[in-house]
There are 2 protein chains.
Amino acid sequence: MDQIRKEDYHSLDEETLFIVSQTFKALSDPTRIRILHLLFEKECSVTEISDCLELKQSNVSHQLRFLKNLRLVKYRREGKTIYYSHDDEHVMKTLQQTIHHALHE
Amino acid sequence: MDQIRKEDYHSLDEETLFIVSQTFKALSDPTRIRILHLLFEKECSVTEISDCLELKQSNVSHQLRFLKNLRLVKYRREGKTIYYSHDDEHVMKTLQQTIHHALHE
DNA sequence: TTATAATATGAATACATGAACATATGAGTT
DNA sequence: AACTCATATGTTCATGTATTCATATTATAA
């Protein structure tokens with residue numbers, strides 16, 4: 001009875017909930033937003049990112065790993081340099097839309 | 001020179017960064033996602049929310065305050081009961097899209 | 001006015017998170 | 001091989017956050 005009431009609405013399964021929350025968590029930190037926003041414009045090496053955004057290299061690497069685990073970024077190696085680029089159109093679109101929305105209030 | 005490089009790309013001002021990160025932070029917690037997802041379907045009292053999602057009333061109140069501060073939800077009073085509903089079309093659309101995306105991978 | 005129902009608030013706690021530092025790895029160079 | 005550059009990783013620390021319990025507020029009913 002209570003059970004029926006509870007299930008009256010289309011509740012979210014735990015896995016979906018986890019994926020969704022993780023995705024938004026990636027976008028909830030200013031540093032990661034700045035990195036993704038930069039990668040939206042162009043592919044960048046780790047050093048370029050840390051120089052451009054004035055962040056410690058280790059910090060950038062940690063954040064990139066986080067984003068890579070969620071498959072929001074990908075990378076390719078070129079000699080000693082590793083170039084990162086974004087890898088999730090949907091998330092990038094979401095980020096751009098929300099930035100645009102915030103800018104125009 | 002470095003300065004010019006840094007500003008080559010359209011960087012985000014601090015306020016925008018803050019608004020965007022806060023918005024996504026609201027969506028980065030499973031409990032808040034469940035609450036917003038429920039409110040997407042219908043206006044609910046605090047008690048309904050806590051019953052429906054099996055959450056402590058105080059927990060629900062705390063999360064609702066968080067969402068209210070960001071103007072993601074609004075409320076109206078009816079006697080002793082307070083009914084909450086969503087109040088940001090853009091954020092709700094973003095949430096729905098991301099849930100849909102996660103469900104269909 | 002007292003009692004009760006619905007909600008909000010404050011404090012405590014356990015846990016997660018972001019940043020920094022030091023150090024390790026790995027690829028190219030000499 | 002030793003050296004250097006680019007990046008990754010491990011650890012520590014301070015801060016932030018989610019949840020819970022206890023209690024306060026607010027509105028209605030008796």
Side-chain angles (χ1 to χ4, degrees), chain A residues 12 14 17-39 42-85 87, chain B residues 5 12 14 17-39 42-85:
Chain A
L12 297 167
E14 214 167 312
L17 210 49
F18 181 74
I19 295 174
V20 173
S21 63
Q22 283 296 108
T23 302
F24 285 126
K25 188 156 293 174
L27 301 174
S28 72
D29 175 67
T31 300
R32 287 191 292 270
I33 292 174
R34 294 176 74 211
I35 291 174
L36 287 173
H37 187 247
L38 179 58
L39 294 182
K42 64 175 186 358
E43 184 187 54
C44 288
S45 72
V46 177
T47 304
E48 280 170 349
I49 296 171
S50 48
D51 285 355
C52 195
L53 303 180
E54 301 185 82
L55 297 167
K56 302 280 180 185
Q57 177 266 316
S58 64
N59 190 4
V60 174
S61 276
H62 280 303
Q63 303 298 352
L64 285 172
R65 184 169 60 161
F66 184 102
L67 296 172
K68 185 158 55 78
N69 287 338
L70 289 172
R71 297 178 198 282
L72 302 190
V73 300
K74 60 176 186 263
Y75 64 92
R76 68 182 175 86
R77 163 158 253 147
E78 197 170 290
K80 283 175 291 191
T81 307
I82 295 184
Y83 290 98
Y84 281 85
S85 55
D87 196 31
Chain B
R5 263 257 217 68
L12 296 166
E14 215 167 313
L17 211 48
F18 181 74
I19 294 173
V20 173
S21 63
Q22 282 297 108
T23 302
F24 286 126
K25 190 155 292 174
L27 300 175
S28 73
D29 176 67
T31 299
R32 287 192 292 269
I33 292 174
R34 295 176 73 212
I35 292 174
L36 286 173
H37 186 247
L38 179 58
L39 294 182
K42 64 175 187 359
E43 183 187 55
C44 289
S45 71
V46 177
T47 303
E48 280 170 348
I49 296 172
S50 48
D51 285 355
C52 196
L53 304 181
E54 302 183 82
L55 296 167
K56 302 278 180 186
Q57 176 266 316
S58 62
N59 191 3
V60 174
S61 275
H62 281 304
Q63 304 297 353
L64 285 171
R65 183 169 58 163
F66 184 104
L67 296 171
K68 185 157 56 77
N69 286 339
L70 289 173
R71 297 178 199 282
L72 301 190
V73 300
K74 61 176 186 262
Y75 64 91
R76 68 182 176 86
R77 162 157 253 146
E78 197 170 292
K80 284 174 289 191
T81 306
I82 295 185
Y83 290 98
Y84 280 85
S85 55

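By convention in this document, chain letters (A, B, ...) are assigned in the order of the sequence lines, proteins followed by strands, and residues within each chain are numbered from 1. Because only heavy atoms are used, hydrogens play no part in the values below, and waters and symmetry mates are left out as well, while side chains stay in.
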In whole angstroms, how far is the [atom2] atom of [N] from the [atom1] atom of [X]?
{"X": "A:Leu64", "N": "C:dA19", "atom1": "CG", "atom2": "C1'", "value": "15 Å"}
{"X": "B:Ile33", "N": "D:dA18", "atom1": "CD1", "atom2": "C1'", "value": "14 Å"}
{"X": "A:Glu48", "N": "D:dC5", "atom1": "CD", "atom2": "C1'", "value": "14 Å"}
{"X": "B:Leu55", "N": "D:dC21", "atom1": "CG", "atom2": "P", "value": "13 Å"}
{"X": "B:Lys80", "N": "C:dA5", "atom1": "NZ", "atom2": "C1'", "value": "4 Å"}
{"X": "B:Leu67", "N": "C:dA8", "atom1": "CG", "atom2": "C1'", "value": "15 Å"}
{"X": "A:Glu54", "N": "C:dA19", "atom1": "CD", "atom2": "P", "value": "14 Å"}
{"X": "B:Tyr75", "N": "D:dT26", "atom1": "OH", "atom2": "C1'", "value": "12 Å"}

Give [X] one of three labels, base, sugar-phosphate or nothing, depending on what nucleic acid heavy atoms sit under 4.0 Å from its own.
{"X": "A:Tyr83", "answer": "nothing"}
{"X": "A:Thr81", "answer": "sugar-phosphate"}
{"X": "A:Phe66", "answer": "nothing"}

Starting at [atom1] of [X], measure out to [atom2] of [Y] and round the result to the nearest 0.5 Å.
{"X": "A:Ile33", "Y": "B:Phe24", "atom1": "CD1", "atom2": "CZ", "value": "6.5 Å"}
{"X": "B:Gln63", "Y": "B:Ile49", "atom1": "CD", "atom2": "CD1", "value": "11.0 Å"}
{"X": "B:Leu36", "Y": "B:Leu64", "atom1": "CG", "atom2": "CG", "value": "9.0 Å"}
{"X": "A:Asn59", "Y": "A:Glu54", "atom1": "CG", "atom2": "CD", "value": "13.0 Å"}
{"X": "A:Glu48", "Y": "A:Tyr84", "atom1": "CD", "atom2": "OH", "value": "13.0 Å"}

Is there a donor-acceptor contact under 3.5 Å from the side chain of A:Arg77 to the main chain of A:Gly79?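 Looks like yes, one N/O pair under 3.5 Å.
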Check: B:Ser58 main-chain N/O paired with B:Ser61 side-chain donor or acceptor under 3.5 Å: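 Absent.
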Among D:dT19, D:dT26, D:dT9, the nucleotide that comes nearest once only the side chain of B:Arg77 is considered: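 Nearest nucleotide to the side chain: D:dT26.
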Looking at the side chain of B:Gln63, which of D:dA18, D:dC5, D:dT7 is the nearest nucleotide?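 For B:Gln63, the side-chain atoms sit closest to D:dA18.
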Which atoms form the tightest heavy-atom contact between B:Leu55 and B:Arg34, and what is the distance?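 Residues B:Leu55 and B:Arg34, closest heavy atoms: CD2-NH1, 4.1 Å.
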Non-hydrogen atoms of A:Leu72 and A:Ala26 that approach each other most closely: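 Nearest pair, atom of A:Leu72 first, then A:Ala26: CD1-CB, 3.6 Å.
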Any side-chain N or O of B:Tyr84 less than 4.0 Å from the OP1 or OP2 oxygen of C:dA6?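 No, B:Tyr84 has no side-chain N/O under 4.0 Å of OP1/OP2 on C:dA6.
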So, do B:Lys56 and B:Ser50 sit near enough that their side-chain heavy atoms are less than 4.5 Å apart?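 Of all side-chain heavy-atom pairs linking B:Ser50 with B:Lys56, none is under 4.5 Å.
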Please tell me which of B:Glu78 and A:Thr47 maps to the more 5' nucleotide of DNA chain D, matching each residue to the nucleotide holding its nearest heavy atom.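 In this pair, the answer is A:Thr47.
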Write out a two-atom table: protein N or O, nucleotide N or O from nucleotides 21-24 of chain C, distance below 3.5 Å.
from, atom 1, to, atom 2, distance (Å)
C:dC21, OP2, A:Lys56, NZ, 3.4
C:dC21, N4, A:Ser58, OG, 3.1

Measure all distances between protein nitrogen or oxygen atoms and nitrogen or oxygen atoms of nucleotides 15-17 of chain C, and list the pairs falling under 3.5 Å.
from, atom 1, to, atom 2, distance (Å)
C:dT17, OP1, A:Lys25, NZ, 3.2

